[in-house]
Amino acid sequence: MRNVTRLFATAMLIGWLFGDVTAIAALTEGASEVQVSAGFFHAQGSDTGNLNADLSYGYYFTPGWQLGIRQALNYNFVDDHRDFWVATTAPFVNYNFHVTDIIVPYLGAFIGLVWNDRDVTGTIGPQGGIKFFVHDRTFLNLGYRYEFFFDRIKAISDNASHGNHVFNLGIGFTWGGASSSQAKP
């Protein structure tokens with residue numbers, strides 16, 4: 001919980017630093033979005049560590065509905081053993097709730113593939129988060145997704161309680177789309 005508090009405080013500090021600029025969430029029909037996020041984990045006294053990075057692209061069909069794809073890489077460092085990596089390629093759909101001009105929470109879902117040089121399996125799950133706009137087209141993202149894995153459609157319900165909780169902090173940019181003066185009523 002302390003780490004989540006630190007992430008939120010960092011997001012608020014960055015928002016304060018850009019405080020001279022008025023931020024208005026620019027989520028419009030036809031807009032595109034790219035987002036980059038990363039994280040690192042190493043437990044005290046542990047022989048393993050983890051580096052993860054996400055890159056995603058999304059397209060807004062309406063100011064709320066977004067369809068996109070995410071490419072994620074998870075690299076595990078293991079002392080005195082072979083390191084290993086896992087990549088995830090997953091299309092997603094999100095609904096963005098325009099709460100204020102700065103705060104935009106979202107909920108969605110994804111389905112895709114998890115793969116490396118030895119294996120391929122499916123992944124599916126819910127996701128959500130909050131975008132904090134620090135400029136009209138720039139935001140900080142606090143996101144969460146639950147990934148569970150399957151090798152057959154029938155196995156999805158069996159594996160629902162054996163998945164990964166993924167939290168991320170990232171930065172995103174939007175561009176294009178209808179300007180607010182061109183938007184349909």
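One is the number of the first residue; the rest follow in order along the sequence.
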- Item | Contact summary for Ile69 and Phe92, nearest pair of heavy atoms | N-CE2, 3.3 Å
- Where do Ser37 and Gly170 come nearest, in terms of heavy atoms and distance? CB-CA, 3.5 Å
- Message: Classify the ring geometry of Trp175 against Tyr57: parallel below 30°, tilted from 30° to 60°, perpendicular beyond 60°.
- Response: tilted
- Under 6.0 Å between the ring centres of Phe150 and Phe148? no
Kindly list each side-chain donor-acceptor pair under 3.5 angstrom involving residues 101-115, sequence neighbours excluded, with atom names and distances?
residue: Tyr106; atom: OH; partner: Asn141; partner atom: OD1; Å: 3.0
residue: Tyr106; atom: OH; partner: Asn141; partner atom: ND2; Å: 3.3
residue: Trp115; atom: NE1; partner: Thr89; partner atom: OG1; Å: 3.2

- Side chain of Arg70, backbone of Thr88: donor and acceptor closer than 3.5 Å? no
- Message: I'd like to know if the side chain of Asn164 reaches the main chain of Glu147, judged simply by a donor and an acceptor atom lying under 3.5 Å from each other, with no hydrogens or angles considered.
- Response: no
- Query: Roughly how far, to the nearest 0.5 Å, is OH of Tyr95 from OG1 of Thr62?
  - Reply: 6.0 Å
- Task: Would you give the length of the straight line joining atom CG of Asn168 to atom CD of Gln35, rounded to the nearest 0.5 angstrom?
- Result: 6.5 Å
- Message: Are Val34 and Ile171 connected into the same hydrophobic cluster when the rule is that any two of I, L, V, M, F, W, Y join if their side-chain heavy atoms are below 4.5 Å apart?
- Response: yes
- Message: Nearest 0.5 Å, please: how far is OH in Tyr60 from CG in Asn96?
- Response: 4.5 Å
- Minimum heavy-atom separation for Gly176 to Arg137, with atom names? O-NH1, 3.2 Å
- Message: Using side chain to side chain contact (heavy atoms under 4.5 Å, CB included), reason through Asp80 and Asp47 one step at a time and then give a plain yes or no.
- Response: CA-CA 8 Å; Asp80 300 325; Asp47 289 341; 5.8 Å; no
- Task: Measure from the ring center of Tyr146 to the ring center of Tyr144 and say whether it is less than 6.0 Å.
- Result: no
- Item | Side chain proximity check, Leu67 to Tyr59, heavy atoms < 4.5 angstrom | no
- Message: I'd like to check Glu33 versus Phe139 (side-chain heavy atoms, cut-off strictly below 4.5 Å). Are they in contact?
- Response: yes
- Item | Verify same cluster id: Trp85, Val166 (apolar side-chain graph, 4.5 Å) | no
- Give, for atom CD of Gln66 and atom OG of Ser56, the distance between the pair rounded to the nearest 0.5 Å. 7.5 Å
- Message: Distance check, rounded to the nearest 0.5 Å: Arg118 atom CZ versus Phe84 atom CZ?
- Response: 8.0 Å
- Item | side chain to side chain contact (heavy atoms under 4.5 Å, CB included) partners of Asn50, counting only residues at least two apart | Phe41, Asn52, Asn74, Asn76
- Message: When you group the ILVMFWY residues by side-chain heavy-atom contacts below 4.5 Å and let the links chain together, are Leu55 and Val93 in the same group?
- Response: yes
- Could you give the distance from CZ (Phe133) to CG (Leu140), rounded to the nearest 0.5 Å? 10.0 Å
